[in-house]
Structures are given as structure tokens and as C-alpha cells.
S.K.: 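There's a structure below that I have some questions on.
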Amino acid sequence: MLLEVRDLEAGYGEVTVLRGLSMTVASGEIVAVLGANGVGKSTLNNTLSALIRPTGGQILFDGTDITAARPAQVVSAGLIQVPEGRRVFPDLSVRENLLLGSYRRGRARRDANVERICTVFPRLRERFGQAAGTLSGGEQQMLAIGRGLMAEPRLLILDEPSLGLSPLLVEEMFALIGAINAEGLSILLVEQNVAQTLEIAHRAYVLEQGRFVMAGPSAELADDPGLRRSYLGL
Amino acid sequence: MTASLLVPALVNGLTTGAIYALVALGLTLIYGVLHIINFAHGSLLMVALYGVYFLNTGLGIDPYLALPIAVPAFFILGYFLQRGVIEHTAHGRDQNILLVTLGLSIILDNLALYFWRSDTRTIDVPYGFDVIDIGVALIPVPRAVAFGAALGIAALLWFLIGRTDLGRAIRAVARERQGARLMGIDVEHIYGLCFGIGTATLAAAACLLLPSFYVTPQVGHAFVLVAFTTVVLGGMGSFTGALVGGLILGLVESAGGLILGESLGQIGIFIIFILVLLFRPTGLFGGKPA
């Protein structure tokens, strides 16, 4: 198993947000975590990326316990997060943002990876020397994903990649995530956009108030009457 | 006004300005990345000057040859000041950092006063009174060296920040800490490095200053006041701004001294400071607010 989370608990100070989450991601899978605002999706991501120290449970990445690792160690191991809100480096050029993606990992093939990512996202090549802060929201999202790919991830966490994009771009973004996965990259996709996420994910977990309330193959979840009522408005 | 008065004043202003720029570069680097107003900057310069002074009087090491000793030593000192003291006392709050660096400055100044008294000390170097004749003016050798070296160090810093991986990481951390962490950049380490580099520029400034300057426990204040003005004039956190601002202030001080008399030379600096705050509060090269 590439990622295995056991009874994970985490929060901020006295406030517990994650109340015992267990999940797995196998190699080559797209696994989705679905949930509304404020149920703990970003807390889960940031705990996996070691920005938040868990108060209980265990995180295993490719069999290694990374529960107490530092963020840089998690990155070195190949668990890379593309955060919500993109968090690109606004003053740095597109090129420099990409280069920093391989700050800790993937440095040997840096130039080849820049080339590859610019082929996947031709817009980034057009904006190569421009400051990232001047890009549109969609372009920044592409840059954030491209920067993440520069680290040659073994597991890529995408936190709400469709947030703030136009419907057309959302379509494009999901197609792209499917394409990256088809090349063999494992993806943990954390989303509110339930319908489109279930179309590309192999399996999904539904997060409510810090607990997984449903889990299973995407096709099964898409047919679940409860989920259809609460999340798809059907 | 004749060229024989004006040219030496210009040369004098530029060489003083280069040192101002160097001190301001350290200050602006620390401010730009850590968002710390480092009140200990002047006191650390004073400590560096004493260090170079004692290396010379005690061990007979020439101030210029002391560069490779003082610069790494102060880099390490700065790194551990940040990682060992400021990081642990600040608790992530800017006003705490302000107080910590202010306290540090008071402690350093008074320790210096206690151990070394308030005597003004200078050193004798064989080239102390040598001059270079450029036709219209005579440039003292120590000032020419200081000018060239300060610009060289500024260029080196510019290359480090602008063209290397470490520099990119530093600029990334300055504006987007969370994003930097997620790329595996050790933010606290980068903070330490920046404080270290900022402190190391003071050691370099001290080595370049001492052959033509003096040291007292209060010597830092004059410099840090000008350095703050430089940083505000150039734009907080801007490298080009610190460099250009330093040179401008050097020239203004020198011209002010020429017109108003030596003791009033610095008035021009503060007039400029007030004008900039009135008409261009972000400074000459200041960016949009973060």
C-alpha cells in the first residue's frame, strides 16, 4: 500500500478536527476525499504533509512510518501536496516557481521535467518569464500542479484543484488529472465537486465532521441514494 | 563652487554611500524575508568593528585579511542568534521580535561600554594615508578599497539572491511560507541563513570601515539610523533600493557637509527621508504591499 492512514487524529490546540481517520491509497489509484467546507479536508492534507502534527494515529508512506516526520522529509519521500489556493510564489517567475518544485527532489532531471511540464501546460511556456502573481487563477493552478510534478511525486495530493475555476477550466482540470494518473501517478484528490470527482476517481471517502461516513468504489458511491441526496442534490 | 571642491566631495560621498549600502543590504535582507525590524543591526556592527579592531591590535591581522575570518564568524553568529534566540522568544509575533532585537542591542551596547569604555579607538595600517590620484581628486586608498569591495559584495549578494537555488528559496519564503514548506524548503533554516547573511554583511562592512574609521560602543547608532533611512528610501526589502539609496545618502551627506558645514552634513539625509515618506512612502524601488 502506498499510503496507509490509521486512526488519524489531529486539530488545532484544544480543537480536534480529525477524529480517527483510516484510509489507504494504492499505487496507481486516484482516491478521492469528498466533503463540504469545514469538515477537515485541508486539515487532513496538512497533517499528511506534516504541517500539522497529529495527536493520534499513524501515517505510513510506502511502509515507512512518517507520523513524526518534518515537512521536508515528507517531500523527500515523494509525498507532494498541491495546496488549496495554489500558493505559488508571486514574485518569482513561472520558471523559478517550477525550479523550486525540485528544491528537495527530482533535481537530476530538472531541465527535462521543466520541458515535459511545459508540454503538458503550453500556457506556462508562454508565461515562462512572467511573475507568477500576474497569472490568471487557472494559470496559477496549472503552475501549482506543474510545480508539484517537478518533485517527481510518488503520491500527489491535490487540494480542491477546481476551486475558483470557470466551468470550462474545471472540465479541463479533471481531464488533466485523469491523464496524469493514466501515466502511472497515484493521486489523492480532495474535492467538493462530487459529481466530477467521482467520474475520474477509482475510490472515494466521504468526510463529515472529521470522520469518514462512507467509503467505496466511485461507481457504488455515485449510486448511493444518501450521497446523491446530500451532495448531488438528486 | 569649483571642481576641486566638488569632485572630492562626490568621491567621498560615493565611498561613504557604498558602506551605507552594505549595512542597509543586510538590514533589508532580514526585513524582506523575516519581516523583522532588526534593532540590533547597529550594535552587531559595533561588535564586528571591535572584533576587527582586536584582531588587528592583538594578533596583528590586517582588517582586509580579517574578512575571511570575520565574515564566516558573523554568519554563524547571526544564524544562531535567529535559530537559538529570536526564534524561541518571538512566538511568531512581530512585536516580540522587535523587543528582543531592541533588548539585544541594549545588552551589546552596555557590555561594550563596560568592557571597553567609551574611548574612541582607531588602528594604524601602513596604507592608512595612501592616496590614489585621479587627476581632479585624491582618493584615500582605504576608501577606494571600501567602495570597490562594498559594490563587489553587493553584486555577490545580488547573484546569490537572484540566480541561485538558495536565493530562489529565500525569495519564496519571503512571500509564501506555506507554499515553500510544501516544496520541502526548511523555512526556519532559511530564516537562520538570512539573519546569518545579514549579520555577515556587517562583518564585511567592519573590515572595510576600520582602516579609515574608528570604533566606540555607540558607533553603531549613526550607521543604523542611516541604514534605516536607506532602506526606507530605497523601499523596504528591495536590494536595488538599498544599493541606490545608500549611494544617494552618501552623496547627500557629503554635499550637505560641503554646503552647510561638516557637522550639519547629515541634515540632508533626514530631509530626504521626510520627503520620501511624504511623497513616496513605499520608497524608490518599493513594491506593492505584501
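First the proteins, then the strands, lettered A, B, ... as listed; each starts at 1.
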S.K.: Phe212(A) vs Tyr205(A) aromatic rings, parallel, tilted or perpendicular, using cut-offs 30° and 60°?
M.R.: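 Because their plane-to-plane angle lies in the 30° to 60° range, the rings of Phe212(A) and Tyr205(A) count as tilted.
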S.K.: If we ignore angles and hydrogens, is there a donor and acceptor under 3.5 Å between the side chains of Tyr20(B) and Thr229(B)?
M.R.: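 Short answer, no.
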S.K.: Is it the backbone or the side chain of Asn97(A) that comes under 4.5 Å from a heavy atom of chain B, or both, or neither?
M.R.: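 For Asn97(A), there is no contact with chain B at all, as no heavy atom is under 4.5 Å.
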S.K.: Less than 4.5 Å to any heavy atom of chain B: does that hold for the side chain of Arg70(A), its backbone, both, or neither?
M.R.: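 It is the side chain, since no backbone atom gets that close.
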S.K.: Pick one of side chain, backbone, both or neither for Leu100(A), based on which atoms fall under 4.5 Å of a heavy atom in chain B.
M.R.: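 Both parts, backbone and side chain.
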S.K.: Any ion pair linking Arg87(A) and Asp159(A) (charged N to carboxylate O, less than 4.0 Å)?
M.R.: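 Judged by the 4.0 Å cut-off on N to carboxylate O distance, Asp159(A) and Arg87(A) do not form a salt bridge.
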S.K.: Chain B heavy atoms under 4.5 Å from Val88(A): which part of the residue, side chain, backbone, both or neither?
M.R.: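 Backbone only.
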S.K.: Side chains of Ser162(A) and Glu191(A): is there a donor and an acceptor less than 3.5 Å apart?
M.R.: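 Indeed, the side chains of Ser162(A) and Glu191(A) share at least one donor-acceptor pair under 3.5 Å.
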S.K.: Would you find a donor on one side and an acceptor on the other, under 3.5 Å apart, between the side chain of Arg107(A) and the backbone of Tyr103(A)?
M.R.: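 Yes, Arg107(A) side chain to Tyr103(A) backbone: donor-acceptor pair under 3.5 Å.
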S.K.: Is chain A contacted by the side chain of Ala174(B), its backbone, both, or neither, given a heavy-atom distance below 4.5 Å?
M.R.: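 When you check distances to chain A, no heavy atom of Ala174(B) falls under 4.5 Å.
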